[in-house]
S.K.: 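Here it is: the structure, laid out below.
What's counted below: heavy atoms across the whole structure, side chains too, no hydrogens, waters or symmetry copies. All residue numbers refer to positions in the sequence shown, counting from 1. None of the values given here were measured: they were computed from a predicted structure.
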Amino acid sequence: MNSKKNFRSSEENIRISEEERERFLVPSSPDNIITKRNSFSDDDDNADIIIREENDDIDSNLLADIEIVKDQYEELDNIISSIGMGNFQKRLLVLCGFGWLSDALWMMCVAIILPRVQVHFQVPNSIIGLLSSSQYFGMMFGAVFWGIISDTYGRKQAFSWTLGLSVFFGYIASLSQSFEQLCFLFFMLGFGVGGNLPVDGAIFLEFVPKENQYLLTLLSVFFEFGAAFTALVGYLILPSYSCFKEGCDVYKENNGWRYVIMILGTCTLIMLIIRILFFRLLESPKFLLSHNRKQEAIFVFQEIARINGNEIEIHLDNLSSPKHSNVSPESNRNFNKSSILSTQKFSSLFNDLKYLFKKQWITTTMIVWSMWGVISFGSVMFNLYLPKYLETVSKEENKEHSEGGEAIRKGLKGFMIFSIWGAPGAIIASYLIETILGRKGAMIIAATGVSLSTFLFANFHHHYSVVLFSMIIGILKSVNWSVIYCYTPEVFETKIRGTACGISSVFARITGMISPIITGTLISLSVSAPLYVTSFVFGILAILVFMLPIETRGRQA
């Protein structure tokens, strides 16, 4: 049964004059700016002084202007909660999950095909890690680029382009004729993949009610499924289409890694087609409001309500909070100036960064970015180490198959089990973050658990203990990633959410590039060294989470 909901202004609101309303709702055009500046052309020195004073005035009042916008977001939050969690949000959950799944496919792909690529192109151990580093390098640039694009031109624009680039360069990468070509193409592939998480996470949070934000952690289930699926593809393909002895013709007998890339590219293509043909993404209402496009935001709300089987009536003045009734003309003038600045597209990035380093935000900003770097470093190190370690153990236990495909098959089977156990970790995370533990408590417990488990993993070498601890690490590692993906877009405001999340991903990509190189060096020193370093790194993560000043449980993103 359809229900119709009406949002009207309270009669107790103090009315704003028409002139003030026009200044508040409609930003001045760039032409007006030019006209004002030209009026000083007779006295350039005075013009420079006045413009500088106006800019200083904008900076000093920027925080107050942002508070005004936050009041408007509260009205949006009320409307989103009124519409509720319906068919639109459920479909969006799945489609945003495709971004997580795509990330897992391509990140795990490198770890699985790396030994086969090394044989194919006769790459020495000293530089084989460049393939993984190239991908992370591309993901670093992609995270920043697509984060800025989503904040500047809209979430909708980046939603499909990220998957599209992954498909295009994935297929081309499977045809590479040299190691250098493969590294470049994985850099470009990473550029597309790097935008999935910051963009898709922001989109999902901005369409769901506050009481359903915990569902963002369920997106990590898609990541773990993607990791397990990639291991399964490698398990089925690589042992039968790879070289394991000297003198084989790599161009005829070692093409399994190419088939793996093609299969993963096809899976990404299917996800892209579903996004484009079976779901019409609407632009985020919060993004529209941050760019003063209120009429479009109203249309989006009405369309979501229609898809969910409801009707809703919203008026333009519903998007102005009652708190705005006492906004002075001077505040309106300053808000108008900041609106002008926001129209200058990429230049707004510097304002966003300036806001992130305000006194009340700098601690959160630095800790969150450090958390991303630390968790990525530790996770990449363990993920790269585990398949090789399991394959080595299999060779030692089965000497007769040490030169064949049985060792790699057993190694990939163990890695697949490790990946599968990440799925319940994401589900556990979605429960824990809504308990008294909150986001911070869940991350502290998970990070401490990974630190202890990896330490024990390094000291117990029995087959069953290896399986047990790898399963525990798989669960707790998934909890950490699930919560940090949820916490980061929640703690930052809509205006700078894409940029903040994008830069967070940059730190993850930087440490992700460094980690494979350090892992190779550590393995040459000691087989257990990467595990001790991983244990130490996750201990640092637990300390960083404890230092966070903000708990986001119960807050509307």
S.K.: Residues in side-chain contact (heavy atoms from CB on, under 4.5 Å) with T511, at least two apart?
M.R.: S376, F377
S.K.: Hey, do the aromatic rings of F191 and F141 have their centres closer than 6.0 Å?
M.R.: no
S.K.: Restricting to side-chain contact (heavy atoms from CB on, under 4.5 Å), what partner residues turn up for I543, sequence neighbours left out?
M.R.: M547
S.K.: Would you please indicate if the ring centroids of F507 and W372 are separated by under 6.0 Å?
M.R.: no
S.K.: Applying salt bridge (Lys or Arg N to Asp or Glu O under 4.0 Å), name anything that partners R275, two or more places apart in sequence or on another chain.
M.R.: D200
S.K.: Which pairs pass ring-ring contact (aromatic ring centres under 6.0 Å, His included) with one or both residues in residues 520-545, sequence neighbours excluded?
M.R.: F455-Y532
S.K.: Show every donor-acceptor pair shorter than 3.5 Å between a side-chain atom in residues 222-237 and any protein atom, with sequence neighbours excluded, or say none if there are none.
M.R.:
residue : atom : partner : partner atom : Å
E224    : OE2  : S478    : OG           : 3.4
T230    : OG1  : G226    : O            : 2.8

S.K.: In chain order, what residues pass the side chain to side chain donor-acceptor pair (under 3.5 Å) check against Y171, with sequence neighbours excluded?
M.R.: T266
S.K.: Please check if the side chain of S430 supplies one atom and the backbone of I427 the other of a donor-acceptor pair under 3.5 Å.
M.R.: yes
S.K.: Going by side chain to side chain donor-acceptor pair (under 3.5 Å), name the residues that satisfy it together with W100, two or more places apart in sequence or in a different chain.
M.R.: none
S.K.: Which salt bridge (charged side-chain N to carboxylate O under 4.0 Å, His left out) pairs, counting each pair once, include a residue from residues 162-182, with sequence neighbours left out?
M.R.: none
S.K.: Not counting sequence neighbours, which residues clear side-chain contact (heavy atoms from CB on, under 4.5 Å) with F179? List them please.
M.R.: V117, F121, V123, I128, L130, L131, C183
S.K.: Suppose we screen for side-chain contact (heavy atoms from CB on, under 4.5 Å). Which residues come up paired with I172, at least two apart in sequence or across chains?
M.R.: F168, L185
S.K.: Under the ring-ring contact (aromatic ring centres under 6.0 Å, His included) rule, what do F204 and Y485 come out as? Steps first, then yes or no, please.
M.R.: CA-CA 12 Å; F204 182 74; Y485 277 128; over 10 Å; no
S.K.: Indicate the ring-plane relationship of F186 and W106, choosing parallel, tilted or perpendicular according to the 30° and 60° boundaries.
M.R.: perpendicular
S.K.: Is the backbone N or O of F98 less than 3.5 Å from a side-chain atom of S102, with the two atoms forming a donor-acceptor pair by type?
M.R.: no
S.K.: Show me the pairs that pass salt bridge (charged side-chain N to carboxylate O under 4.0 Å, His left out) and involve residues 94-113, at least two apart or across chains.
M.R.: D103-R509
S.K.: Filter on side chain to side chain donor-acceptor pair (under 3.5 Å), then keep only pairs touching residues 442-454, sequence neighbours left out; what's left?
M.R.: S451-S535
S.K.: Within the 4.5 Å heavy-atom criterion, are R439 and L548 side-chain neighbours or not?
M.R.: no
S.K.: Look at atom CG of L277 and say whether more than 12 heavy atoms of other residues, nucleotides or ligands are closer to it than 6.0 Å.
M.R.: yes
S.K.: Which pair of heavy atoms, one from V167 and one from L269, lies closest together, and at what distance?
M.R.: CG2-N, 3.4 Å
